[in-house]
*Asks:* 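Encoded as structure tokens, here's the structure I'll be asking about.
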Amino acid sequence: MKKLLIFLKNYKKESFLAPLFKMLEAAFELIVPLVVAAIIDKGIINNDLGFILTRCGILVLLAVVGMVASITAQYFAAKAATGFGMELRHALFEKIQSLSFNELDKIGTSSLITRINTDSNQVQNGVNLVLRLFLRSPFIVFGAMIMAFTVDVKSALIFAGAIPLLSLVVFGIMAYTIPKYRKIQNNLDVITLKTRENLSGARVIRAFTQEENEIEDFVAKNKFLSHLQKAVGRISALMNPVTYVIINFAVVLLIYSGALQVDSGNLTQGEVVALYNYMSQILIELIKLANLIVTVTKALACASRIEGVLELENTLEHNSNNGKQTDNAVDFKNVSLKYKGASENSLENISFSAEKGSVIGIIGGTGSGKTSLVSLIPHFYDATEGEVLVDGVDVKAYSDDELRQKTGFALQKAALFKGTVRDNLKWGDENATDEDMLEALKKAQIFDSVMEKGGLDAEIEQNGSNLSGGQKQRLSVARALVRKPEILVLDDSTSALDFATEAAMREEILSLDYAPTVFIVSQRASSVMCADKLIVLDDGAAVGIGTHKELLENCDVYKEIYDSQFGEEDTYEE
């Protein structure tokens with residue numbers, strides 16, 4: 001939690017004034033029992049109405065001043081806590097955006113969503129309560145004990161015995177529950193992941209009639225989370241009754257001791273009432289403190305999870321191997337790739353060169369490593385072995401922004417954002433003109449569809465849910481084209497298109513006037529056989545590199561793919 005306190009640096013004044021006004025309120029509250037004692041001992045016993053009214057006026061004044069102080073403290077605490085929450089979420093989101101795919105894969109999307117929402121809110125609530133009660137409650141507890149000593153030392157010893165016992169109960173329960181709450185938050189990640197998977201994969205689940213299985217799985221995970229929460233809740237629930245028993249036992253002793261001393265003339269009735277009021281104040285504040293401890297315990301568990309993200313560092317390697325300019329846009333030199341936690345390499349000893357302006361086709365079966373290979377070009381991952389060069393320079397020598405400005409990427413799964421068509425296209429180039437965007441739409445073969453929906457101002461729902469699969473892919477390609485990149489990567493981004501539309505798009509892309517180096521990733525032989533160079537992948541290894549005609553003659557894997565799609569009797573003339 002200490003590392004998160006930096007987000008309160010812009011709210012130092014509020015963080016100081018909130019507990020200060022709460023302490024002021026508490027100070028006035030501690031005076032009240034003495035005034036009540038005076039009313040009993042001097043006003044009521046002497047039947048002095050004037051004295052009683054005067055002291056009642058003081059009580060009203062103390063109440064008004066205390067209320068003003070309390071409202072002021074609430075205002076400053078709320079302002080500091082909400083500001084803290086805002087800056088914490090900003091920092092967390094910024095950190096997530098800076099992480100490499102390795103870290104994102106390791107933590108998981110659902111866990112990050114939980115941390116930036118649920119965990120951040122829990123920590124914010126914890127800060128709010130701490131500013132309001134963390135000093136006030138102990139101040140009243142120990143202040144009431146000290147005031148009791150000013151009234152009667154013998155009776156105050158009861159306070160001195162009760163408070164350590166109460167502290168032992170409170171902090172003992174806190175020590176037990178903090179790790180349990182952390183476990184609860186981790187299991188909440190599991191529930192979030194399950195919910196997210198079911199929402200994003202609703203069509204697949206219904207297509208395979210897996211609704212009942214998914215419901216059963218969700219119910220099982222939800223029951224386990226509920227079991228954990230109940231288990232911790234039972235321990236936390238002990239706090240109030242145990243503290244009540246201790247306090248009420250102390251009250252019984254106090255009244256008994258006080259009654260004996262009143263009989264012997266050592267105490268007045270008003271002083272006994274004052275002592276009883278101080279004990280009641282302690283009871284109330286300990287109840288508040290117990291609730292505060294529960295909230296703070298959850299907040300500490302959540303803060304630990306947030307700190308875990310903020311302490312993560314981007315593991316992508318960078319160096320100063322500038323190399324020298326070459327005629328090749330991309331070079332792979334004995335490149336291997338193993339993902340974090342994987343037992344085997346996803347790519348094994350890949351070597352090839354792509355000349356500037358050339359078209360490179362990458363083909364292979366599912367899981368052969370096609371996406372892994374092109375993900376190394378914009379340095380999404382570090383090559384485990386070997387070098388990846390762009391314009392003769394190691395990708396690790398580029399800044400991430402500089403390298404990715406050179407690259408246009410249409411991903412395997414089209415990712416669109418809620419907004420307009422214009423908003424989505426400006427992700428490719430925020431300075432693009434309407435003419436640039438319309439031209440990109442034409443080349444991506446989606447111009448007519450966009451115009452029918454309202455042009456560049458047509459609304460796009462979250463993840464493009466109001467578009468078909470083919471429209472999402474074409475709009476994703478248009479977004480990549482708007483950038484006018486030096487290297488254009490089409491990662492199986494035409495799988496939902498018919499052959500005619502795909503051929504028209506490919507023809508437009510290959511005739512671009514700025515002649516980018518194009519990487520076409522596909523499982524369709526028809527999509528890549530026009531390439532200047534084909535790379536055939538099988539289980540992470542390049543089993544064939546050459547032209548379509550060459551590979552048909554000397555690469556069995558490529559010939560098998562081609563024959564399965566065109567038939568053994570079909571041929572292709574260059």
Side-chain angles (χ1 to χ4, degrees), residues 93-106 312-340 345-347 349-360 362 369-412 415 426-432 476-477 479-491 493 509 512 514-521 533 535 542:
F93 189 77
E94 185 177 352
K95 169 58 76 171
I96 291 170
Q97 291 296 317
S98 72
L99 297 175
S100 73
F101 285 6
N102 283 325
E103 287 75 50
L104 297 178
D105 293 342
K106 178 182 177 182
L312 278 176
E313 295 297 331
N314 190 324
T315 56
L316 284 180
E317 297 176 8
H318 289 85
N319 59 37
S320 57
N321 180 16
N322 294 323
K324 59 181 180 180
Q325 293 292 325
T326 68
D327 292 333
N328 295 331
V330 176
D331 291 286
F332 274 61
K333 296 183 177 181
N334 303 315
V335 172
S336 296
L337 171 66
K338 179 189 285 187
Y339 290 109
K340 297 288 185 182
N345 285 344
S346 296
L347 295 175
N349 199 27
I350 305 289
S351 295
F352 70 90
S353 296
E355 295 182 356
K356 293 180 180 178
S358 63
V359 179
I360 307 297
I362 301 173
K370 302 185 297 297
T371 297
S372 297
L373 188 146
V374 294
S375 294
L376 295 175
I377 298 172
H379 199 200
F380 289 156
Y381 295 94
D382 280 318
T384 311
E385 297 176 8
E387 288 182 317
V388 180
L389 308 179
V390 171
D391 291 338
V393 179
D394 192 337
V395 292
K396 297 178 182 179
Y398 287 99
S399 69
D400 291 338
D401 288 341
E402 182 184 4
L403 178 61
R404 289 164 194 171
Q405 283 299 323
K406 290 174 171 283
T407 312
F409 231 92
L411 297 170
Q412 188 173 15
K426 279 187 174 289
W427 278 72
D429 181 4
E430 62 182 10
N431 298 317
S476 179
V477 171
R479 180 174 57 195
L481 293 175
V482 164
R483 177 169 286 184
K484 297 182 179 179
E486 296 176 23
I487 301 169
L488 176 63
V489 179
L490 304 177
D491 183 7
S493 54
I509 290 173
L512 289 169
Y514 54 90
T517 305
V518 181
F519 284 81
I520 302 175
V521 178
K533 182 183 293 183
I535 301 169

*Asks:* Tell me, yes or no, whether the heavy-atom count around Lys484 atom NZ, taken from other residues, nucleotides or ligands under 6.0 Å, exceeds 12.
*Replies:* no
*Asks:* Identify the two heavy atoms, one from Lys406 and one from Pro485, that lie closest to each other, and give their separation to 0.1 Å.
*Replies:* O-CB, 3.6 Å
*Asks:* Quick one: pull up CD1 in Ile362 and CZ in Phe352 and give me the separation to the nearest 0.5 Å.
*Replies:* 5.5 Å
*Asks:* When you measure from the side chain of Ser358 to the backbone of Ala354, do you find a donor-acceptor pair of N or O atoms at a distance under 3.5 Å?
*Replies:* no
*Asks:* Taking all non-hydrogen atoms of both residues into account, name the closest pair between Leu376 and Val388 and its distance.
*Replies:* O-CG1, 3.9 Å
*Asks:* Identify the two heavy atoms, one from Leu373 and one from Phe332, that lie closest to each other, and give their separation to 0.1 Å.
*Replies:* O-CZ, 3.5 Å
*Asks:* Looking only at heavy atoms, what is the nearest atom pair of Gly428 and Val482, with distance?
*Replies:* C-CG1, 4.5 Å
*Asks:* Applying side-chain contact (heavy atoms from CB on, under 4.5 Å) to Phe409 and Leu490, what does each step give before you reach the verdict?
*Replies:* CA-CA 6 Å; Phe409 231 92; Leu490 304 177; over 6 Å; no
*Asks:* Any chance NZ of Lys333 has more than 12 other-residue heavy atoms, nucleotides or ligands included, within less than 6.0 Å?
*Replies:* no
*Asks:* I'd like to know whether Asn328 forms a side-chain contact (heavy atoms from CB on, under 4.5 Å) with Lys356, so could you lay out the CA-CA distance, the side-chain angles of the two residues, the decisive distance to 0.1 Å, and finally the verdict.
*Replies:* CA-CA 5 Å; Asn328 295 331; Lys356 293 180 180 178; over 6 Å; no
*Asks:* Walk me through whether Ser353 and Asp331 qualify under side chain to side chain donor-acceptor pair (under 3.5 Å).
*Replies:* CA-CA 4 Å; Ser353 296; Asp331 291 286; 2.6 Å; yes
*Asks:* Less than 4.0 angstrom from a charged side-chain N to a carboxylate O is my criterion; do Asp491 and Lys370 meet it?
*Replies:* no
*Asks:* Is any side-chain heavy atom of Pro378 closer than 4.5 Å to a side-chain heavy atom of Arg404?
*Replies:* yes
*Asks:* Minimum heavy-atom separation for Gly408 and Ala480, please, with both atom names.
*Replies:* C-CB, 4.1 Å
*Asks:* Using the side-chain contact (heavy atoms from CB on, under 4.5 Å) rule, take Lys95 and Glu313 through it: C-alpha gap first, then chi angles, then the decisive distance, then the call.
*Replies:* CA-CA 9 Å; Lys95 169 58 76 171; Glu313 295 297 331; 4.2 Å; yes
*Asks:* Please report the shortest heavy-atom distance between Leu481 and Tyr514, naming the atom on each side.
*Replies:* O-OH, 3.7 Å
*Asks:* Do the side-chain N and O atoms of Thr517 and Glu355 include a donor-acceptor pair separated by under 3.5 angstrom?
*Replies:* no
*Asks:* Less than 4.5 Å apart, any side-chain heavy atom of Ile377 and any of Val395?
*Replies:* no
*Asks:* In Å and rounded to the nearest 0.5 Å, what is the CG to NZ distance from Asn102 to Lys106?
*Replies:* 10.0 Å
*Asks:* Can Tyr339 and Ser372 be counted as having a side-chain donor-acceptor contact under 3.5 angstrom?
*Replies:* yes
*Asks:* What residues, two or more places apart in sequence or in another chain, satisfy side chain to side chain contact (heavy atoms under 4.5 Å, CB included) together with Lys396?
*Replies:* Glu317, Asn319, His379, Asp382, Asp394
*Asks:* Heavy-atom distance under 4.5 Å between the side chains of Tyr381 and Leu347, does that happen here?
*Replies:* no
*Asks:* Say whether, by atom type as modelled, one donor and one acceptor occur between the side chain of Thr384 and the main chain of Lys338 under 3.5 angstrom.
*Replies:* yes
*Asks:* Would you check if Leu316 and His318 make a side-chain contact, meaning some heavy-atom pair closer than 4.5 Å?
*Replies:* yes
*Asks:* If we only count heavy atoms from C-beta on, is the Phe519 to Val330 side-chain gap below 4.5 Å?
*Replies:* yes
*Asks:* Answer whether the closest heavy-atom distance between the side chains of Ile520 and Val489 falls below 4.5 Å.
*Replies:* no
*Asks:* Evaluate side-chain contact (heavy atoms from CB on, under 4.5 Å) for Leu512 paired with Ile509, printing each intermediate quantity in order.
*Replies:* CA-CA 5 Å; Leu512 289 169; Ile509 290 173; 4.2 Å; yes
*Asks:* Is a donor on one side and an acceptor on the other found under 3.5 Å between the side chain of Glu103 and the backbone of Ser100?
*Replies:* yes
*Asks:* Treating Ser493 as the side-chain partner and Leu411 as the backbone partner, does any N or O pair qualify as donor plus acceptor under 3.5 Å?
*Replies:* no
*Asks:* Quick one, Ile535 and Ile360 - any side-chain contact, counting heavy atoms below 4.5 Å?
*Replies:* yes
*Asks:* Do the side chain of Arg483 and the main chain of Thr407 share a donor and acceptor less than 3.5 angstrom apart?
*Replies:* yes
*Asks:* Less than 4.5 Å apart, any side-chain heavy atom of Ile487 and any of Val390?
*Replies:* yes
*Asks:* Are side-chain N/O atoms of Ser351 and Asn334 paired as donor and acceptor at under 3.5 Å?
*Replies:* yes
